[in-house]
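These values consider heavy atoms only, across backbone and side chains, with no hydrogens, waters or symmetry-generated copies. Starting from 1, each residue takes its place in the sequence as its number.
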Amino acid sequence: MNRLKEFNYGDPELEGLMNQLKEIDLDGSYYLILLIGPYKKGKKLFIDKLAGHLGNKITHVDTHDVVTMNEKETEQNLDTLFDGFTDEDQILFFSNGDRLCGAYAGYTYSKVRYATPQERYLLGKINKIEKIVILDIVEKHNVDKTLQRFAHTKISFSRPKAFFKRLTWNLGNTSFHGHNFTSKRPG
């Protein structure tokens, strides 16, 4: 049973984690990192720094393209996806991991949130590969006990604490009727 290591973005110990990942032997195993929280820019900076530190490109998978409401269709999509990975795909980044977690109706006596069939199937596929896998989840409450059991490291990306960083973060995450006011840069 692995022991889940927890970090916050900006912790100096993250540099040690990157060094540890550089030396890790994935023979017969995987290494799962959960990125949890709404701070997208921090996650992107971490991913870019990790790719540079490890000297590998990161293979991006948008979970919206793979996970559907139909369980069998999701299984087929995941089978096709994992069959397509090569030895060069050593680091896999699954964005929009909240899609795996489904909707929790709350009409049950249980206070525990359980893994969805799609989430369990993905974790089963991850369990059979020898790669570093990064799963991005925005909502903290979507991280159930199954994900925590499979994960080796959990990094929290909460809102920035400094006033000006928090102000720009809030401006960058403002939306009005689904429009987030992003503008295209000339180029």
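- Across all non-hydrogen atoms, the minimal contact from Leu123 to Leu32 is CD2-CD2, 4.1 Å.
- Proximity of Thr59 to Ile91: side-chain heavy atoms (C-beta onward) are nowhere separated by under 4.5 Å.
- Atom NE2 of His53 and atom CG of Leu14 lie 11.0 Å apart (nearest 0.5 Å).
- In terms of hydrophobic clustering, with Ile, Leu, Val, Met, Phe, Trp and Tyr side chains grouped at heavy-atom distances under 4.5 Å, Leu45 and Val138 are assigned to different clusters.
- Rounding to the nearest 0.5 angstrom, the gap separating the OH atom in Tyr9 from the OH atom in Tyr39 is 6.0 Å.
- Across every non-hydrogen atom of Ser158 and Pro38, the tightest pair is CA-CD, 4.2 Å.
- Here the closest non-hydrogen pair linking Met18 and Leu50 is CG-CD1, 4.0 Å.
- Glu75 places a side-chain heavy atom less than 4.5 Å from the side chain of Glu71.
- Between Phe82 and Val66, every side-chain heavy-atom pair lies at or beyond the 4.5 Å cut-off.
- The side-chain heavy atoms of Ile129 and Leu92, taken from C-beta on, include a pair separated by under 4.5 Å.
- A donor-acceptor distance shorter than 3.5 angstrom exists from the side chain of Glu130 to the backbone of Gly28, with no hydrogens or angles considered.
- Of all non-hydrogen atoms in Gln118 and Asn70, the two that sit nearest each other are NE2-C, 4.4 Å.
- Counting only heavy atoms from C-beta outward, the side chains of Ile24 and Leu26 approach each other to under 4.5 Å.
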### Query
Taking it one step at a time, do Ile36 and Ile155 satisfy side chain to side chain contact (heavy atoms under 4.5 Å, CB included)?
CA-CA 6 Å; Ile36 301 164; Ile155 305 172; over 6 Å; no

### Task
Apply side chain to side chain contact (heavy atoms under 4.5 Å, CB included) to Asp62 and Phe94, showing your working.
CA-CA 6 Å; Asp62 189 346; Phe94 287 85; over 6 Å; no

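- Considering CZ of Phe157 and CZ of Phe7, their distance stands at 11.0 Å, rounded to 0.5 Å.
- Side-chain contact, Asp79 with Tyr121: a donor N or O sits under 3.5 Å from an acceptor N or O.
- In Asp83, the CG atom is crowded: over 12 heavy atoms of neighbouring residues, nucleotides or ligands sit closer than 6.0 Å.
- Contact of the Val143 side chain with the Gln148 side chain is registered, since non-hydrogen atoms from C-beta on lie closer than 4.5 Å.
- Between the OH atom in Tyr30 and the NZ atom in Lys125 there is a gap of 15.0 Å [rounded to 0.5 Å].
- Heavy atoms of other residues, nucleotides or ligands lying less than 6.0 angstrom from NZ of Lys57 number more than 12.
- Across all non-hydrogen atoms, the minimal contact from Asn8 to Ser156 is OD1-CB, 3.3 Å.
- No more than 12 heavy atoms of other residues, nucleotides or ligands lie within 6.0 Å of CD in Glu88, so this atom counts as exposed by the packing criterion.
- Looking at Glu119 and Arg99, no side-chain N of the basic residue comes within less than 4.0 Å of a carboxylate O on the acidic one, giving no salt bridge.
- Listed for the Asp144 side chain is a donor-acceptor partner under 3.5 Å among the backbone atoms of Thr146.
- Going from atom CD1 of Ile33 over to atom CG of Asp136 covers 12.0 Å, rounded to the nearest 0.5 Å.
- Of the possible donor and acceptor atoms, one in the side chain of Asp89 sits under 3.5 Å from a partner among the backbone N and O of Thr86.
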### Task
Please step through side chain to side chain contact (heavy atoms under 4.5 Å, CB included) for the pair Glu15 and Gln20, ending with a clear verdict.
CA-CA 9 Å; Glu15 194 70 35; Gln20 178 187 2; over 6 Å; no

#### Entry: Stepwise side chain to side chain contact (heavy atoms under 4.5 Å, CB included) check, Val133 with Phe93
CA-CA 6 Å; Val133 180; Phe93 174 59; over 6 Å; no

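- In the model, Thr153 has a side-chain atom that pairs as donor or acceptor with a side-chain atom of Tyr31 under 3.5 Å.
- To the nearest 0.5 Å, atoms CG (Leu34) and CG (Leu135) are separated by 6.0 Å.
- Exactly one of Thr63, Thr116, Thr68 qualifies for a side chain to side chain donor-acceptor pair (under 3.5 Å) with Thr74. That residue is Thr68.
- Lys43 approaches Ile137 most closely through the heavy-atom pair NZ-O, 3.5 Å.
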